[in-house]
Amino acid sequence: MLQFIIYDVLRTPAILVGLFSLAGLLLQKKSISDVISGTLKTIMVFFILTAGAGIVAYTLTIFSQLFEHSFHIQGVVPNTDAMAALAQKNYGTATAMIMVLGMLFNIVLARFTPLKYIFLTGHHTLYMAAMLAVILSVGGLSGFWVVAIGALILGAMMVISPAILQPFTRKITHTDDLALGHFGSTGYLVSALVGKVVGKGSPSIEEIKVPQSLNFLRDSSVSISLIMMILFLVLVSVAGKPFVETTLSSGQNYIIFAIIQSLTFAAGVYIILAGVRMVIAEIVPAFKGIADKLVKDAKPALDCPTVFPFAPNAVIVGFLSSFVAGLVSMFLCPLFGLSVIVPGLAPHFFCGATAGVYGNITGGRRGAVIGAFAHGLLISFLPAILLPMMGDMGLDATTFGDADFGVVGIILGHIMAIFN
């Protein structure tokens with residue numbers, strides 16, 4: 001019973017981050033009132049983020065169904081959540097052990113190395129632990145070595161991933177008090193480097209001069225809702241009224257359905273942005289206690305929407321550019337003998353938007369567009385290369401989507417094949 005309770009706590013990001021906040025407040029010897037208030041607010045904020053992400057994910061699922069029906073595209077849609085769930089069915093114990101020990105190793109590395117990052121994106125920690133458990137187990141290692149090597153790799157990734165982005169994250173957030181903790185860091189790094197190459201002299205996309213008559217577009221919620229409304233209206237028109245009203249909208253008029261879905265998507269993004277502002281306000285002060293007492297100068301590494309409020313224009317441009325790259329990749333992958341990867345809206349939104357922010361900070365408008373496009377190619381080709389390997393391991397229904405999973409999975413898979 002205790003094992004399951006601990007496992008459920010560790011796999012729930014809100015509670016996990018709440019515990020870190022609690023520890024930080026206690027180490028600062030805050031009053032009981034401040035400790036209770038700070039801890040509960042931190043947990044509450046992550047439920048707000050989860051609610052916003054759930055709304056966005058729901059509308060993106062509708063979008064994907066419309067897209068696939070409209071253009072009759074068949075292929076594999078990367079889904080990191082589904083892959084992690086499949087892996088845990090047969091490798092649940094190894095996954096849990098790798099996750100717990102990996103988090104402890106993260107703290108040790110932050111304490112004794114210059115990489116002062118505590119990775120707080122709990123669901124990504126779980127997903128990476130699941131992938132490592134599968135690859136190492138199928139590769140022929142015994143239980144002890146699966147957990148030991150998996151935890152070492154996971155702990156190392158939890159400090160390396162934020163570290164390689166920190167020079168750019170610092171410029172985005174205008175502070176060195178927090179970092180990005182998300183296993184899409186390879187893609188964001190590529191976007192930032194591409195932006196640096198192509199964007200010399202290009203102004204920030206946030207500085208776009210909007211005519212007085214179009215001032216309403218400066219509000220990111222309004223611009224996002226309008227862009228998504230156009231996309232949804234095009235898709236429902238192509239998909240046709242009968243399909244939409246009988247399959248998706250439960251009889252609701254297909255035009256009204258498209259408008260509602262676009263506004264729902266914008267509302268979900270608004271909730272995420274509001275939640276991010278709150279979590280920064282709560283986490284950073286509470287984390288000071290951990291930094292001062294346990295890991296000097298430690299920085300909390302938070303989920304990718306952390307950077308969204310700093311460049312709202314780059315968020316939507318990055319999403320669209322990454323998605324277009326995914327569409328292009330559907331035609332490119334077969335030329336290299338790879339399976340068709342249908343662009344999943346969730347990775348292209350969350351990761352593509354983040355890539356747009358990093359591309360913009362180094363290369364302005366050109367960086368946001370071209371950097372996010374390069375990211376979209378990366379998260380299309382990496383899953384396609386990883387897919388046969390996952391099939392050999394009995395997980396051929398889908399594949400991991402975000403960039404770091406592809407990089408780590410491909411490298412580790414080939415190493416295990418050599419030694420096996």
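All figures in this text were calculated on a predicted structure; none of them were measured in a lab.
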Would you be so kind as to tabulate the donor-acceptor pairs closer than 3.5 Å made by side chains of residues 135-148, with sequence neighbours excluded?
{"unit_1": "Ser137", "atom_1": "OG", "unit_2": "Ala133", "atom_2": "O", "d": "2.6"}

Run the side-chain donor-acceptor check on residues 254-275: report pairs under 3.5 Å with partners two or more places apart or on a different chain.
{"unit_1": "Ser262", "atom_1": "OG", "unit_2": "Ala258", "atom_2": "O", "d": "3.4"}
{"unit_1": "Ser262", "atom_1": "OG", "unit_2": "Ile259", "atom_2": "O", "d": "2.7"}
{"unit_1": "Thr264", "atom_1": "OG1", "unit_2": "Ile260", "atom_2": "O", "d": "2.7"}

Name every donor-acceptor pair, under 3.5 Å, that has one atom in a side chain of residues 345-355 and the other anywhere in the protein, sequence neighbours excluded.
{"unit_1": "His348", "atom_1": "ND1", "unit_2": "Ser322", "atom_2": "O", "d": "3.1"}
{"unit_1": "His348", "atom_1": "ND1", "unit_2": "Ser322", "atom_2": "OG", "d": "2.8"}
{"unit_1": "Thr354", "atom_1": "OG1", "unit_2": "Phe350", "atom_2": "O", "d": "2.6"}

Just distance, no hydrogens or angles: give the donor-acceptor pairs under 3.5 Å from side chains in residues 227-237, sequence neighbours left out.
{"unit_1": "Ser237", "atom_1": "OG", "unit_2": "Leu233", "atom_2": "O", "d": "2.7"}

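With a 4.5 Å cut-off on side-chain heavy atoms, Leu302 and Leu180 do not count as touching. Side chains of Ile341 and Met330 form no contact here, defined as non-hydrogen atoms less than 4.5 Å apart. Side-chain contact between Pro312 and Glu206: present, with at least one pair of heavy atoms (C-beta onward) separated by less than 4.5 Å. Contact check for Glu245 versus Gln252: no side-chain heavy atoms found under the 4.5 Å cut-off. For the pair Met99 and Tyr127, the minimum side-chain heavy-atom distance is 4.5 Å or more. Within the 4.5 Å cutoff, side-chain heavy atoms of Ser329 are placed close to those of Leu377. Side-chain contact check for Leu248 versus Phe243: some heavy-atom pair is nearer than 4.5 Å. By the 4.5 Å heavy-atom criterion applied to side chains, Tyr358 and Leu189 are not counted as neighbours.
Applying the side chain to side chain donor-acceptor pair (under 3.5 Å) test to Thr362 and every residue at least two apart in sequence or in another chain returns nothing. The side-chain contact (heavy atoms from CB on, under 4.5 Å) check on Ala163 picks up Leu115, Tyr117, with sequence neighbours excluded. For Phe336, the ring-ring contact (aromatic ring centres under 6.0 Å, His included) test picks out Phe381, with sequence neighbours left out. Listed by chain and number, the residues in a ring-ring contact (aromatic ring centres under 6.0 Å, His included) with Phe168 amount to none (sequence neighbours excluded). Contacts of Arg170 classified as salt bridge (charged side-chain N to carboxylate O under 4.0 Å, His left out), with partners at least two apart in sequence or in another chain: Asp176. Asp303 pairs by the side chain to side chain donor-acceptor pair (under 3.5 Å) definition with nothing, not counting sequence neighbours. With sequence neighbours excluded, the residues forming a side-chain contact (heavy atoms from CB on, under 4.5 Å) with Pro334 are Val340, listed by chain and number.
Asn360 places no side-chain N or O within 3.5 Å of a backbone atom of Ala314 that could act as its donor or acceptor partner. Looking only at distances, no side-chain donor or acceptor of Ser185 sits under 3.5 Å from a matching main-chain atom of Gly181. Under a 3.5 Å cut-off, the side chain of Arg365 and the backbone N or O of Ser202 do not form any donor-acceptor pair.
Here the closest non-hydrogen pair linking Leu101 and Ala151 is CB-CB, 3.6 Å. Across Ser380 and Ala325, no two heavy atoms sit closer than the pair OG-O, 4.5 Å. In this structure, Ala374 and Val190 approach most closely via the heavy-atom pair CB-CG1, 4.1 Å. Between Cys333 and Ser339, the shortest heavy-atom distance links the atoms CB-O, 3.5 Å. Residue Thr306 comes nearest to Pro309 through the heavy atom pair O-CD, 3.5 Å, listed as atom of the first residue, atom of the second, then distance. The minimum heavy-atom distance between Leu109 and Gly155, with the atom names listed, is CD1-O, 3.6 Å.
Relative ring orientation between Phe323 and Phe63 is described as perpendicular, the plane-to-plane angle rising above 60° on a 0-90° scale split at 30° and 60°.
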> After noting the C-alpha distance and the side-chain angles of Met103 and Ile107, does the key distance pass the side chain to side chain contact (heavy atoms under 4.5 Å, CB included) rule?
Replying inline: CA-CA 7 Å; Met103 291 170 62; Ile107 296 173; 5.9 Å; no

>> Before you tell me yes or no, could you show the steps for Ile361 and Val357 under side chain to side chain contact (heavy atoms under 4.5 Å, CB included), namely the whole-Å CA-CA distance, both residues' side-chain angles and the distance that decides it to 0.1 Å?
In response: CA-CA 6 Å; Ile361 202 63; Val357 175; 5.9 Å; no

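Counted by atom type alone, Asp402 and His124 present one or more donor-acceptor pairs between their side chains at under 3.5 Å.
Remark: Leu338 CG to Leu387 CG distance equals 9.0 Å, nearest 0.5 Å. Once rounded to the nearest 0.5 Å, the distance linking OG1 of Thr125 with CG of Leu154 reads 6.0 Å. Between Phe105 atom CZ and Ile98 atom CD1 the span is 13.5 Å, to the nearest 0.5 Å. Atom CG of Leu22 is separated from atom CD1 of Ile43 by 8.0 Å, given to the nearest 0.5 angstrom. The line from OG of Ser204 to CG of Asn313 is 8.0 Å long, rounded to the nearest 0.5 Å.
Sparse packing is recorded around CE of Met97, with 12 or fewer heavy atoms of other residues, nucleotides or ligands lying under 6.0 Å away.
Checked against the 6.0 Å centroid threshold, His182 and Phe119 do not count as a close aromatic pair.
Among pairs with a residue in residues 104-115, none fulfils side-chain hydrogen bond (donor to acceptor under 3.5 Å, both in side chains), at least two apart in sequence or across chains.
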